[in-house]
Amino acid sequence: MTDLTTARRSLFKAGGAALAAAAVVRPGSAAAAPDGHAKRPLGRRITFGADPATQVVISWQQLEKVTGPYVRIATGASGFGAPVAAELRTLRSELDWQEGDHSFPPHGPDPMYQYYLHARLDGLKPDTTYHYVVGHRDHDPATSTRPGEIASFRTAPTTASGFTFTAFGDQGHGYNARALTSLVADQAPAFHLALGNLSYAIHGGTANAEGGHPDTDTYDAARWDSLFAQNEVVTAGVPWMTTLGNREMEKWYGTNGYGGVKARITTPDNAWSGSTGIYAWRYQNVGLISLDGNDICLRNAANLDHTGGKQLAWLEQQLARFRGDPAIGFVVVYLHHATYSTADGGGAESVAQQKWAPLFDRYRVDLVLNAHNRVYERTDPIRAGKGTRQVGSRGTVTPFTDGTTYITAGAGGQALDRFYKGAPESYLDHENTGGTPTMRCYKKNSSSSTDTKVTWSRVRYRGYSLVAVDVTPTSMKVRALAADGGLIDEVTIKRP
Ligand SMILES: [Fe+2]
């Protein structure tokens, strides 16, 4: 008998009695009635806390406001434990923010409300598989017939035994986005890095419909829930670690436009009290840092320098801490915006080159992952703004001597971008040294840019794709995979 089967039987055996004893089910309440569609939890998501060996957040959504939301967890044959209360975060969206779709029943004429639940679990056992169920006063998972009611996640081990993680950004929902979610599942990653512009709730064709512009941003709050529902098949079990993109600047919600993501998503946010989407954590031998690229983005400058230099100071302190930690071999930074890229679309960020890249150099950051440009691109190792040597597909980089590798992984599901000035694609077994890769750095709140011809753009692919990183105690093998799973690039990053 599998652990899961045992756990399911234990849950059913415990049934209503255990839940009633914990005062979760109200006798004679709607829990005994047929389970209404709106009462069913949906869009379950796992996020690690700052310590992935012991801390996990389980988040989900309800279509109606619920009372007494909870999570129950089990490690196997012992059955599900007592309910752990979840926090309800209600988000109200006024109709005049939204597209016309929401001006008719059942959406109108009232504002749209979304109900997100978050349960923080602490003190978990490392390297352990937990099964869980989510419920509330009027939905008892012990009596539900919903398939897949029980989901599972695994906490991080405390030793470096090797693992895989995946990354891409600019997903949204739809056919290509779904394909990449499936490809993530195929990799069986320990976690996934979601590199910003998550839902494309802000969408539209004009340059300003990209976040931070309440007068021109075209918005559909329901797209968030389409994203969560689409991804649940993976996110219910694979921790989804998000970073903030320009389309997460939903100005109408306040708090620099981050009021929406704060209601929907829980990230460790341990940079300082009140930091949003800025956090550091360690998984085995890898130190990971999530940065807020809106803080340095000139083109969509609504949140430019909104941390007042705090993020930059914290980044330096955190990099120093990581490099002083003997448990950490590799340092990976992830954010939405590109420090170095030759794609059109969002281009590259000159402020990141001026302020962040010198720190990436000084602290020998191994890998910087970003999205923003909806393509795949890998640089040669860069130091002081220059490529140090050519590293083609199946090559090896030693960051301590060579410099930092920058990868754009933004082809996560939304309409693809092009490479600037027509630079051709060049990827595994399709190498093309023609064209003139050119980096485009936008000026503040402007469509004009400073253009620079560069030599470090080594791999370029214009197709839906993701990055999978296989980590060992001494190496990180970075694989870039097309939506059909085919290999388009591979590079090995090694310790000296
Ligand atoms: Fe973007």
Side-chain angles (χ1 to χ4, degrees), residues 45-49 51-53 56 126-130 151-169 171 179-195 231 233-243 280-290 327-334 365-371 376 378 393-397 399 405-412 428 459 461 464-495:
R45 294 166 273 137
I46 298 292
T47 310
F48 279 136
D51 178 4
V56 159
D127 203 14
T128 300
T129 296
Y130 284 88
S152 307
F153 63 85
R154 189 165 183 86
T155 52
T158 53
T159 55
S161 50
F163 66 99
T164 295
F165 70 91
T166 54
F168 64 72
Q171 185 182 22
L180 287 198
T181 299
S182 297
L183 193 55
V184 167
D186 291 346
Q187 309 308 309
F191 56 87
H192 175 78
L193 303 179
L195 303 174
N231 287 352
V233 64
V234 177
T235 61
V238 174
W240 214 253
M241 307 302 291
T242 57
T243 192
W281 57 298
R282 175 172 73 83
Y283 192 99
Q284 294 192 18
N285 55 329
V286 180
L288 296 120
I289 295 176
S290 168
I328 289 177
F330 296 101
V331 174
V332 174
V333 172
Y334 58 106
V365 169
D366 296 281
L367 178 63
V368 176
L369 292 166
N370 63 268
Y376 173 81
R378 175 172 63 78
S393 288
R394 298 210 165 104
T396 297
V397 174
T405 298
Y406 295 81
I407 289 180
T408 296
L428 182 65
V459 181
Y461 178 74
Y464 295 105
S465 48
L466 60 71
V467 164
V469 183
D470 306 318
V471 181
T472 75
T474 57
S475 69
M476 293 198 300
K477 185 166 79 177
V478 181
R479 294 176 287 129
L481 302 176
D484 64 1
L487 191 66
I488 53 176
D489 184 28
E490 181 182 297
V491 66
T492 300
I493 296 174
K494 291 199 92 144
R495 304 305 307 154

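Values below: every heavy atom of this structure, side chains too, minus hydrogens, waters and symmetry copies. One is the number of the first residue; the rest follow in order along the sequence.
Of all heavy-atom pairs spanning G329 and D366, the tightest one is O-OD2, 4.0 Å. Across all non-hydrogen atoms, the minimal contact from F48 to M241 is N-SD, 3.4 Å. In this structure, I488 and S465 approach most closely via the heavy-atom pair CD1-CB, 4.0 Å.
Looking at N285, its side chain does come within 3.5 Å of a backbone N or O of T472 through a donor-acceptor pair. Looking only at distances, a side-chain donor or acceptor of T155 sits under 3.5 Å from a matching main-chain atom of T128. Side chain of Q284 to backbone of A156: no donor-acceptor contact under 3.5 angstrom is found. The backbone N or O of L180 sits nowhere less than 3.5 Å from a side-chain atom of S182 that would complete a donor-acceptor pair.
Side-chain contact, D489 with Y461: no donor N or O sits under 3.5 Å from an acceptor N or O.
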Exercise for the section: Begin with the C-alpha distance, continue with both residues' side-chain angles, and end with the deciding distance and a verdict on side-chain contact (heavy atoms from CB on, under 4.5 Å) for R479 and T164. Expected result: CA-CA 10 Å; R479 294 176 287 129; T164 295; 4.3 Å; yes

Practice task
Walk me through it: do V467 and V478 pass the test side-chain contact (heavy atoms from CB on, under 4.5 Å)?
Solution key: CA-CA 7 Å; V467 164; V478 181; 3.8 Å; yes

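Taking the six-membered ring for Trp and the full ring otherwise, the centers of F191 and Y283 sit less than 6.0 Å from each other.
A heavy-atom distance below 4.5 Å is not found between the side chains of D127 and T158.
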